[in-house]
Structure formats: structure tokens, C-alpha cells
Amino acid sequence: MRSLPAIFEAACLIRCTGVGRSAGTGPQRPLAGFAGAGHEFGFGSGPAPGPGFGGAIGTLARGASFLSGGDTTPPSPGAAPASTGAAPRPVLAEFNQPEAAERLSKLLADLGVAATWATLVGGGRRQYFVHQVTTPPVAWTLLVQQLTLGWRQGRHFLLRTDPVGASSPHNARREALARRAWQAASLAAGRQRRGGVFGVRLADQEMAAVLVRSARLLGATASIRTRPGCLQVSVTSMTTDAPLLEIATPPLRVAS
């Protein structure tokens, strides 16, 4: 699959939703519609803070601006079709950070999916912002299948233990996938930095395992700790020439 890195990164972005609230933001919710759809790819295993999916979305109002490719109404999974007769766009993911929504939309656009993202505001006097990515209804089933397959293949490739040489194309692909995983986590998960320790908070156990393995492939070591409502993956050490260093050091450099 020539597009595996892009599909894998998109899958990682979605799997990193669920926790990671920034100041002034609301709950982050992953992938509406995947549960019960017969796909293994979907929600993180841990609880998300704040209201569950579908609770807060009904209270969201249209923000001052929509940072998307042309949507003029806030999409909602249960919304009625617009007066134009157009079907509502399924919500693929919601993020606390606009950079994560923008990145996911770009990845999907490069894969031929006309994804758009919009900024919604809710919460009354204590406002928070949700950056929502939607896709055309006609693309939903195929996209879910692509994300499922891309996640499965990328995860398998990263976690395999057979040795490869430093100049092997397989090793180069592993490093590329490892970069994509940590870039996605840096954008979409709850990013933390205390002293010299860089880490992220997320709810998905498989994604956490992928990040630990990816850190090792990028010249660093990472550990997983259980925290209330989430898992914390912390980079405990890295060499000065570790490829992970440029990802862990702001500003984040996202691969094209």
C-alpha cells in the first residue's frame, strides 16, 4: 500500500482523541459511527473526560468562522438534512486542537477524500471550542475500511520483531511510520512537558504500545503509566541525534 504512511497517520490522529483537554476546551471525541459497524478500528479503550459523545454536540453553536473547505452549517451525526436536500456529513473526529483537524483533513484530501473541518463553540459562559472533521456520506464506508486496514498494517509493521538492516527499505519504512505515529500524537493527544520529559495522554492502549515501540525506533525510550481516565506515554530518554527530538521540540514539524 503506497499510501500506507498517510492512512496510518490519519488513523493515529483519530485514535489519539478521547482525552487531552486544553485550557478553555471541551471534551474530545473520536470517530462517531465506528462503534458497532463491524470494524476493529475505533474508540479508545479508556474513558474520556466530560460528556459522552452526543451529549455536548447538540449544544454546540456555529462559531464566528468556519475553517473548512466550504461547509456553512455545523455538521452533526443526528442532524436533519439541510433545506437544500443535502445529506448530513458524518463526523469522523473532533479535536481540541485546530492543527489536528487541519492535518487530518489534509491527509484525507491527499487520499482523495473531500474532508472538511470546522470550528464549533459551545459551553455557554465557559466556552470551549471543538474542531470537527466531516466527510461526504458516500465516502464513509470505503474510508472506514481504508483506515481499518491502514491501522492494522502500520501497527503490524511497527511491532514486528524480525531484525532488519540499517540500510533496509523495511527499516526506513518503520522509521517513517514511527515518525507519523508520534507526529499524530503530538497534535491530537494531550501533550505534556515537565522539565526535560516530553509525553502525551491518550485513552487507547494499542496506540500507547505503538508509541513506545516507535520511540525506540526513533532513538529514544518511552514508558506507559496509568493515570485517572487515561494512559500517559512519556519519553524517558533520547540521544541528541534521535529523530524523535525534532518532533518533541516545538514548533512541531509535520511531514508532508
Side-chain angles (χ1 to χ4, degrees), residues 1 4-20 28-31 34-35 39-49 93 95 100 103-104 107 144 146-164 168 170-194 197-239 242-248 252 254-255:
M1 183 186 293
L4 177 60
I7 295 176
F8 181 69
E9 184 183 349
C12 288
L13 281 166
I14 297 170
R15 293 191 77 103
C16 284
T17 62
V19 298
Q28 199 168 273
R29 296 184 292 275
L31 209 57
F34 273 21
H39 301 281
E40 67 180 44
F41 178 78
F43 295 93
S45 56
F95 300 96
R103 179 62 178 168
L104 179 57
L107 288 169
V144 170
Q146 288 180 312
L147 288 169
T148 301
L149 182 59
W151 165 255
R152 185 187 302 134
Q153 291 184 347
R155 177 180 176 274
H156 174 74
F157 206 87
L158 281 173
L159 298 182
R160 59 195 294 183
T161 57
D162 55 305
V164 293
S168 168
H170 291 288
N171 193 64
R173 171 165 281 196
R174 278 183 177 175
E175 182 174 320
L177 291 173
R179 284 175 178 266
R180 297 282 187 136
W182 269 102
Q183 286 167 351
S186 297
L187 285 176
R191 186 167 175 163
Q192 291 184 318
R193 180 182 295 277
R194 293 183 179 179
V197 178
F198 168 75
V200 294
R201 292 177 292 124
L202 65 163
D204 189 282
Q205 294 180 357
E206 290 187 350
M207 185 66 205
V210 162
L211 290 177
V212 171
R213 173 61 172 167
S214 296
R216 185 174 181 181
L217 293 171
L218 295 175
T221 57
S223 63
I224 303 175
R225 292 185 178 181
T226 302
R227 292 288 184 260
C230 70
L231 299 171
Q232 180 175 313
V233 182
S234 299
V235 177
T236 54
S237 67
M238 72 176 91
T239 63
L244 182 57
L245 189 62
E246 67 183 55
I247 300 173
L252 177 66
V254 179

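Atom set for the values below is all heavy atoms of this structure, side chains included, hydrogens, waters and symmetry mates excluded.
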**Prompt:** Hey, does Cys12 have a side-chain heavy atom less than 4.5 Å from the side chain of Arg180?
**Reply:** no

**Message:** Show the nearest heavy-atom pair for residues Thr236 and Ser223, with the distance to one decimal.
**Reply:** CG2-OG, 3.6 Å

**Request:** Any chance you could measure Ser186, atom OG, to Arg103, atom CZ, to the nearest 0.5 Å?
**Result:** 12.0 Å

**Prompt:** Between Ile7 and Gly150, which heavy-atom pair has the shortest distance, and what is it?
**Reply:** CG2-CA, 3.6 Å

**Fill in**
Tightest non-hydrogen contact, residues Leu211 and Val200, listed as CD1-CG2, 3.8 Å

**Spacing of Leu104 atom CG and Glu9 atom CD [to the nearest 0.5 Å]** = 9.0 Å

**Message:** Nearest 0.5 Å, please: how far is NE2 in His156 from CG in Leu177?
**Reply:** 12.0 Å

**Message:** Are Trp151 and Ile14 packed together at the side-chain level, in the sense that at least one heavy-atom pair is separated by less than 4.5 angstrom?
**Reply:** no

**Item:** Backbone N/O of Gly229 and side chain of Arg201: donor-acceptor pair under 3.5 Å
**Value:** no

**Request:** Answer yes or no: does atom CZ of Arg216 have more than 12 heavy-atom neighbours from other residues, nucleotides or ligands under 6.0 Å?
**Result:** no

**Prompt:** Which heavy atom in Leu218 sits nearest to a heavy atom in Ala242, and how many Å separate them?
**Reply:** O-CB, 3.3 Å

**Asked** Got a sec, which residues hit side-chain contact (heavy atoms from CB on, under 4.5 Å) with Ser237, two or more places apart in sequence or on another chain?
**Response** Thr221

**Prompt:** Which value, rounded to the nearest 0.5 Å, describes the distance between Phe8 atom CZ and Leu13 atom CG?
**Reply:** 10.5 Å

**Item:** Flag side-chain contact, heavy atom, 4.5 Å: Arg179 against Pro243
**Value:** yes

**Prompt:** Can you find a heavy atom in the side chain of Arg173 that is under 4.5 Å from one in the side chain of Leu4?
**Reply:** yes

**Message:** Let me confirm one number: the CD-CZ distance from Gln232 to Arg227, rounded to the nearest 0.5 Å.
**Reply:** 5.0 Å

**Request:** Could you tell me the separation between the CE atom of Met207 and the CG atom of Leu231, rounded to the nearest 0.5 Å?
**Result:** 12.0 Å

**Asked** Do you know which two heavy atoms are closest between Arg174 and Phe157, and how far apart they sit?
**Response** NE-O, 3.3 Å

**Prompt:** Partners of Arg213 by side chain to side chain donor-acceptor pair (under 3.5 Å), sequence neighbours excluded?
**Reply:** none

**Asked** Shortest non-hydrogen contact from Val235 to Met238?
**Response** CG1-CE, 3.5 Å

